[in-house]
Amino acid sequence: MKIMVVGGGGREHAIIKKLKESKNVTEIFALPGNGGIAHDAKCIDIGAKDIEKICDFAVAEKIDFAVVAPDDPLVLGAVDALNEVGIPCFGPKANAAIIEGSKVFSKNLMKKYGIPTAEYEVFDDMSKALSYLETAPIPTVIKADGLALGKGVIIAQTREEAKNAVKSMMEDKVFGDSGNNVVIEEFLTGPEVSVLSFTDGKMVVPMVSSMDHKRAKDNDEGLNTGGMGTIAPNPYYTKEIADECMEKIFLPTIEAMNKEGRTFKGCLYFGLMLTEKGPKVIEYNCRFGDPETQVVLPLLESDLFEIMQHTANGTLESAEIKFSDKSACCVVMASDGYPQKYESGFEIDMPKDKNIYVAGAKLDGEKLLTAGGRVLGVTEVGDTLDAAIKASYETVKTVKFGNAYYRTDIGKKALLAKK
Ligand code: AMP
Ligand code: GLY
């Protein structure tokens, strides 16, 4: 079977490496992929948002199955377009991807169907938002409605900060049309858990839970990033909490989407906060998380391609989905300065026989050069979380490139939970 994976980051590399283990997969194309992915798939220079060219390529190459991994093409309707030209896909159609594409949609969905989430108000008028902030409880959370490269959420510690955030989104349009509407919501506290799930719209099968580390610096300091590392499973997410989430969040969400005529098929990502009043949804994503995928898929023991086919066909009940009971840790190595300005173009020297997922790198002849903020993720699997973390940091020491930066405390908070 000829497979095409749309996207070009560490998440896509992890998906591709797992698909390569599947017995029925003979050839994998990555659109556009990257210099590191080129080791495992044929990279085609077509951007992930160029839906017309993606469809033309898929038809010309007689692709048997497509995996659309990033949020933008999903929200833009890549799956709809590929299905129209006869290509089966893993991923939701645009009318279901809106669960990530619009925070106003997802918040209203949760309210309508009684799914636990932070209290909130929606504003399309800046002066009303600003006057609401005169008396809103502080800290408060301001969210741009649409996609904003993971940067559309501001936790405001003061009224002034909150007002500035609203102005930057609604007046200065820092996120373009994504800020036409804003959500202002209650600030919640508690450990965060990412739960990725397979769903075909009939059943939902959660994957092993994980924990992201979004801030740039150790001890959760510094700016928000796309994710500096992950561990799985997340020790805060006990069996009891998992059962509660299935009953109060996962199944109700799938049913709600069906009732709205927006059946979701693909990977539905639940970003949860375990508050004193129980688990609540912080966000939904319509796709695999990055870098969550880099710890979740290495623990998958079943055939990913078969699961993806069953998901797309609506036959998930017949899929074998088994995760190992080991632990995994992924340490992201970035260019120093990320998520702001950084230098790149440095040669990467890394071991060939390790689980290293490349995100920001390009080939220059035989050489692999850094070409992005997050350069790569080093994943190791161990019998315990402690062993996985130690092994990851051992491997990190063997990876060399100029201007390298990484957090030294990935998994530390998770280890505390176990004590
Ligand atoms: P998001 O882009 O929606 O994942 O939000 C980014 C991060 O902001 C989340 O991972 C949380 O750490 C934080 N966050 C979002 N919403 C809230 C909230 N209502 N209360 C506290 N923290 C939040
Ligand atoms: N790691 C968070 C995300 O993929 O959105």
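Numbering of ligands and ligand atoms starts at 1, following listing order.
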J.: So, for Tyr405 and Tyr338, is the gap between ring centers shorter than 6.0 Å?
T.: no

J.: Considering only heavy atoms, does Leu188 approach ligand 1 within less than 4.0 Å through its side chain, its backbone, both, or neither?
T.: both

J.: Donor-acceptor check, side chain of Ser335 to backbone of Tyr342, threshold 3.5 angstrom: yes or no?
T.: no

J.: Give the atom numbers and elements of ligand 1 that come within less than 4.0 Å of a heavy atom of Phe187.
T.: 20 (N), 21 (C)

J.: With heavy atoms of Glu185 as the reference, note each atom of ligand 1 found under 4.0 Å away.
T.: 16 (N), 17 (C), 18 (C), 19 (N)

J.: Determine the interplanar angle of the Tyr393 and Tyr406 rings, folded into 0 to 90°, and report it as parallel if under 30°, tilted if 30 to 60°, perpendicular if over 60°.
T.: tilted

J.: Can you list the ligand 1 atoms lying under 4.0 Å from a non-hydrogen atom of Glu192?
T.: 9 (C), 10 (O), 11 (C), 12 (O)

J.: Flag this pair as yes if the NZ/CZ of Lys111 is under 6.0 angstrom from the six-membered ring centre of Tyr120 and inside a 45 degree cone about the axis; otherwise no.
T.: yes

J.: Just checking Tyr284 against Tyr269, ring centres under 6.0 Å apart?
T.: no

J.: Does any N or O in the side chain of Asp145 come within less than 3.5 Å of the main-chain N or O of Val182, such that one atom is a donor and the other an acceptor?
T.: no

J.: Are the side chain of Asp125 and the backbone N or O of Ala129 linked by a donor-acceptor pair below 3.5 Å?
T.: no

J.: Answer with side chain, backbone, both or neither: which part of Lys214 has a heavy atom less than 4.0 angstrom from an atom of ligand 1?
T.: side chain

J.: Under 4.0 Å, heavy atoms only, figure out whether ligand 1 is touched by the backbone of Ile155, its side chain, both or neither.
T.: side chain

J.: Using a strict cut-off of 4.0 Å, indicate which atoms of ligand 1 neighbour a heavy atom of Glu283.
T.: 1 (P), 2 (O), 3 (O), 4 (O)

J.: Starting from atom 17 (C) of ligand 1, locate the nearest protein heavy atom and write down its residue, its atom name and how far away it is, to 0.1 Å.
T.: Ile282 CD1, 3.6 Å

J.: Counting neighbours of CG on Asp383 that are heavy atoms of other residues, nucleotides or ligands and sit closer than 6.0 Å, is the number greater than 12?
T.: no

J.: Check each atom of ligand 1 against the heavy atoms of Lys103 and keep those under 4.0 Å away; list them by number with element.
T.: 3 (O)

J.: Can you list every pair where an N/O of ligand 2 is under 3.5 Å from an N/O on the protein?
T.:
unit_1   : atom_1 : unit_2 : atom_2 : d
ligand 2 : 1 (N)  : Asp212 : OD2    : 2.8
ligand 2 : 1 (N)  : Asp290 : O      : 3.0
ligand 2 : 1 (N)  : Glu292 : OE1    : 2.7
ligand 2 : 1 (N)  : Glu292 : OE2    : 3.2
ligand 2 : 4 (O)  : Arg287 : NH1    : 3.0
ligand 2 : 4 (O)  : Asp290 : N      : 2.9
ligand 2 : 5 (O)  : Asn285 : ND2    : 3.2
ligand 2 : 5 (O)  : Arg287 : NH2    : 2.9

J.: Could you check whether the rings of Phe198 and Phe288 sit parallel, tilted or perpendicular, using 30° and 60° as the cut-offs?
T.: perpendicular

J.: Atoms of ligand 1 less than 4.0 Å from Val153 heavy atoms?
T.: 1 (P), 2 (O), 3 (O), 5 (O), 8 (O), 15 (C)

J.: If we only count N/O pairs under 3.5 Å, is Asn224 in contact with ligand 1?
T.: no

J.: Provide the number and element of each atom of ligand 1 under 4.0 Å from a heavy atom of Lys143.
T.: 3 (O), 15 (C), 16 (N)

J.: Looking at Asp409 and Lys412, is there a salt bridge between them, counting it only when a charged N and a carboxylate O are closer than 4.0 Å?
T.: no

J.: How about Asp45: does its CG atom have over 12 heavy atoms from other parts shown lying under 6.0 Å from it?
T.: no

J.: Which pairs, with at least one residue in residues 156-171 and sequence neighbours excluded, count as a side chain to side chain donor-acceptor pair (under 3.5 Å)?
T.: Glu134-Lys163

J.: Checking contacts here: is it the side chain or the backbone of Lys280 that comes within 4.0 Å of ligand 1, counting heavy atoms only? Could be both or neither.
T.: neither

